[in-house]
Amino acid sequence: MFGDTFETIEDQLNPQITTYETRMARNCADQMELPELERIKHFAGLKNQGATCYLNSLIQSYYMCPEFRKVILQLPLCKETIEDSANLAQNESRNRFLLEFQKLFIQLQDLQSKATSTEALTSSFGWNDGQQMWQQDVSDANKVLFETLDRSLYGTPYVIAPFYKGVVFHHITCLNCNNSHGNEEIIYDLNIQVEGNKNISEGLFGYINPFLLDGNNQYFCEICGMKVDALKGDKIRKLPPILTITLNRYTFDFEKMQRIKLNDRFEFPLELEMGIYLENPVDNLIYELQGIIIHRGNAHGGHYFAYFRDLLDEGDWQSHIAEYWQEKEDIKQQKKNVDEVDYDEVQLPFEITNPKVAQGWYNFNDSSVIPIPVNKIQQQYQGSESAYILIYRDRNLIPSKLSSEQIPKYLYDYVNQLNQKILKERLEYEEAKKHIIITVTDSSVVDLTNHKLLDEKYDKITYKLKLSSTVSELYSQINKHEYQLLEFQENYQTKLLHFPRYLSNLNSTLEEEKVGHQSTWVLIKKDLDIPQVGLQKVPYKLNLIINNKPQAFLLYTSTTLLELKQLVFALTGLNETEQELRNVQNQKIISDLSNETQLGELQLTLETQILVKKKAQVQNVSKNDNKNEKDQNQQVGDDIVSIIAEKEDQVGVSKFYVNINQTVQELIEFLKEQFGINDICRLRNLNGSILFCKSDLPIQLKEFQDFREGGARLQLEKGEVPETGKISLIIKYKEQNLEIHVNPKLDKIESIKIESCKQFNVEPTQHKLYKVDWLQVPSEGLSDENKTITQCYLRDRDLLILCDKSAQIDCELIRFQIYSTITGYPDDCVFQRHEAMRKDATLKDLKQMIISTFELNIDIDHLRVRDINKNRFFGQVFRKLDLPLQKYQFSTNDIVYQVLTKPENLQDDEMLLLIKERDPINRIYKQQQEFIFKVSKTPTLKELKEQIQVFVGIDKETQIELAKFVFYEFQWLHINPNIISKQLQGKGKQGNKQGNQNNKQGKNNQQQQQQQQQQQQSACENLKKNPINLGEGDFIGFRLGNYPKDDFQTKEDNDLRERMIAARKNKHNALGPIKRQQEVGFVVDIE
Ligand SMILES: [Zn+2]
C-alpha cells in the first residue's frame, strides 16, 4: 500500500557520471513516518524487534490459548483508568508485568493495526536488550514466565500455570529389593529426544523407558547396603491440560566440542493418545495439536515462527484458506520448476477422529499472519526448518471465549485511544500524500551558460501545492506571465546544475507532470534561449590532456564522440581521423568508437582524463630512429622486444615495442610519455616485484634477462626511485600515506617510526607502528622496535599503520564477557556485558573499569575478579594488580566479578578453594565455604589436611579424608596415599620393585621402609601435580570419621556422570553440560 513511494530518477541521469543514487520524493508524505498498517485478516502479528528471537512465537502461543488469554484480559489491574493501578498483584513490578501482558493482549485483540509491539512487555521483565534472550532456551524461558505468572497471581482467584503444569517422578529402582528412590519435579514441558526416534510415540517411550545402571555405573542401594544393578528413569505422574512438548533437536558433538542441530524426520500427529505414557496408564486420554513453534536455522541461531489453530473461530479460516489456494494457484502458474515436495497437497500420515483439528490453522511469522492448510504441518517434520515446540490440548478442555463485559472498561478505553491516534496519523498521512512543496527562484541566482549556482543561499519562494492542481493553476499562483519554470538539480559531486525540463504543459496536473516534492525551479523569461535543457543533458567536466597539459571542458552526457572530435580539432588542428583519444583511466582508445557514441555511454568518472594524441602509423616503435631504415629493420629483428606495461592502481595493460639498448632511465621516460604522466616515476619488474633502484637506471635493458627474452611485465609507479638495496614501505597515518625507502637488513622499526612521525609531525613516543592484515586493518603491533625490517618479516611495498599508542586498536584489545556473581558460586552467575580492554592495561585498570561501569562504589580490594573456565566453573582469582592483562591466562575470556564484604589481598602462595563437609550417611555435602590454602613450594595432602582441620576447628586427632571434585567428570577424586601410589604403580614399575624389595628386607628395618615410602610418595605428593592437579577454585570435600565405603559421590553427581558417559558413548545427548551453560545468565527482574 505504501510501497514504491520513491521513484528513482537515476535512469534519467547518466548512471556512469552521476554514480550517486538520486531519489526524488513524490509528495509531502515521504518524509513522514509510515502510519500503522491496517489489519486485514483477523489476527494481528507482532513486530520483529531484532533480538527477540522466539519471544514473538511464545507470546502468540499464549494469546492463542483461550484459557491464558481469558485470565490475562479479565484481571482487574486498574481502577477507572489504566494510569490508576488497583494493585492486584502483591507488588508494583508484578502488577506492571501483568498490566503489560494485558495491554499487549488487548492490542492483539482490538488494535487497528497489522502488527503490534512487544517492547513494553519485554522491558517489564528486564529482557529489553535481548541479551538474556540469546542465552536461554525457549523451554527455559517458558518455565520462567509461568513461574513468574504463578507468583504474580498468587493470592488472587486467577490461575494460569496449572493449565501448563505437569509432574514427573525421577526415580532409581533397585533391582535387588525393588524399592524406588526419587523425587518429583514440576515441569512445564516434556523434553523429547529427536535423535534415534522417528516419531513422537518413540520419543515418549524413550522418555519413560528407564535405563540400566550396571557394571561401573552400579547404584548404591541404601536398603540393600551395597552396589546393585538398578533402573533409572522418569515417570509421568500428571499431565497438564495444555501439554508443551519440546523436541530436542540438539546434540553435542564431543569431538568438536560444539552443539549441532539434527535435521532428521520426526513425525507428530494431530491427535495424540497420552494415557499409555502415564505412570498409571489410563484409557482414552486424547490430546489435540494446537500449536507448533518452528525453528529455522542451525544450533547457533536462526529464526522462530509458529503455526496455531484458531480454537475460537475468530479468524474465518474457511473463507481465507480459499484465498490461500487461489493465490497459490496464481504463483504456480508463474513458476513451474518446483522440485521440492509441496506438503500442502500431501495427506497427513495420521488418521483423525475430530475434523476440527484440521481446520483453523494460521502461520504466525512476526508481523505476518496467514491462514494455512493443515497438511503444511508435515513440512516441519524434518529439515533445518522444523518443529521445535508442540502444544497439545486435552480434548476435554473446552475452549471458551471471554465476553466483552468480562474485560475491564479501562482496557477498552486504552485501546480505543490508541486506535484514534492511529486513525488520525493515517488521515494526516493520506492528506500529505496529496501535496508537494516546490521551491522557485528567479534567474539571477543561476549561471545558465556555465551551469553554476551563483549563490548557495539564494532567495526562494516555496509553494505547497495539491498534486491534482494543474500547471496553469501553478503559474497563476506565481503570477508572472512572461516567465516559465525551468527545473534544475545540482550534482553534489560536480557542483554543476542540470536542467532537465521546462514545465510547459499547462493543462496537465502536477501529478501527471511528475513534479517532485522539494524540486527546485528557476523562473526564465519565455523568449530566452537556454542551451542544453533535457533529461539526458547532464553537464559534465571532461579533462583532455593535450601536449601533457590537462584542460577541463564543460560537456554533456549527450555530447557525441563526433562533437568531441570537433572540439579536439578546434584545439589541436588534428582532424577527426588523425586523432587518438585514449581514456587514461582504463587505457581504452575511444576514438575508434562510432561517431554517434554519446559520452554518457562511455565509462567516464569525474577523474577520467582523455589523452589526445596524433594517431601513430606504425605501432609504438621506440626511439633511436636517427639510424637509417635498413638498420632499423635489423633492429626490429635483433634489439626490439615487446614489453607489457601497466600503470599502478589502474586496470588494463598495454603492449609496447622497445629497444633493449636503451637504459632503464630512458624506458621510464618513454612509458611516462605513453601514459601521460608528469610526476616522478619509477619502474617495477612485476616478475618478482622488484623495483629498479638508482644504480639500475643507467644500465641498458639488455643487461636484464627479463628484457632479453621479451615480454617483460612492468609497472610504472609514481614515486622516487629507491637507493640501491632498499625497499619501499608505505606508512599510513590517519588518511595520509607516506612512502619511505629502507634497507631491510639494517634499518630498525624504531628509525622508521621516528622518520614517519617526523613526516607526519607527531610525537614518536606516543605512537606505534602496526602491520596490517589483508583488509589493511592493524593486525600486529611492532612492539620490539629494535628489530630490523627483515626480522619483522616485512617486504617491499608492505603497508604499516602508525597509530596513537592509546588508540583502541582491535589487535591490542582483549574482549571480555563480564559476568557477575553474588555468592561466589557458579549457580548465580549472570552475564552483564561485553567489554574490551587494551592488552597492556593492568588488572587494576580492569577492576576500576568494572567498578565504574557497574557503579559499584567500593574500594578496589573489595572486588574479586576471576576466570571462568570452559566448564563454566570459577577458576583463578586474578590478583596481581600491576600485571598487564596480556600476561594472564584466560581460559575463555569470560570473567566474573564479585563484590566482597571485606577486603581481599590474596598472595601468590595462597590458593582460594571451596570446601564443604561430606555427610556420608545422606550422601550429600553441606556448608560450602571459601577456604584459603597457604601453599608451600610442594603442597602435600598433610598440609592441606592440617590447614582444613584448623579452619573448621577440629583437633589433629580427628580422622579427616579429602576428595577433589573433577568438574567435567562429575567425579570426586579421593585424595588418599593409596590412590596416589596406585597411580604411580600404573605409571611404571619402579613402585613395584621398591615394594618387593621392602618385603624381602623384612619388618625390622622399619626406618628404611618409611624412608622409601616417602620417596615413593614424593614423586606425586605435590598436590598441584598429577594426579590431583589442585588448582584455584577447586571444590574440596572433607569427611570426618571412618567411612571407607563412601565414595564421596552425590546422587546428582552420579546422574550427571551417567549422562555424560552415555553421551560419550553417543547414545544420549549430553544434557548435563549443555543445561549448565544455558542456565547461565538467566533471570527475570521481577521481585
Ligand atoms: Zn535395594
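In listed order, ligands and their atoms are each counted from 1.
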Which residues pass the side-chain contact (heavy atoms from CB on, under 4.5 Å) test with Ile223, not counting sequence neighbours? Cys177, Asn179, His181, Cys221

Cation-pi check for Phe169 against Arg237: NZ or CZ below 6.0 Å from the six-membered ring centre and within 45 degrees of the axis, yes or no? yes

Pi-cation contact, Phe220 with Lys227 (under 6.0 Å, within 45°): no

What pairs with Glu910 under side chain to side chain donor-acceptor pair (under 3.5 Å), at least two apart in sequence or on another chain? none

Less than 4.0 Å between a side-chain N and a carboxylate O, is that true for Lys945 and Glu943? no

Quick one: which residue pairs count as a salt bridge (Lys or Arg N to Asp or Glu O under 4.0 Å) with a foot in residues 1030-1044, not counting sequence neighbours? Arg879-Glu1032, Lys964-Asp1034, Arg1039-Asp1046

At less than 2.8 Å, how many protein N/O/S atoms surround the Zn ion (ligand 1)? Leave waters out. 4

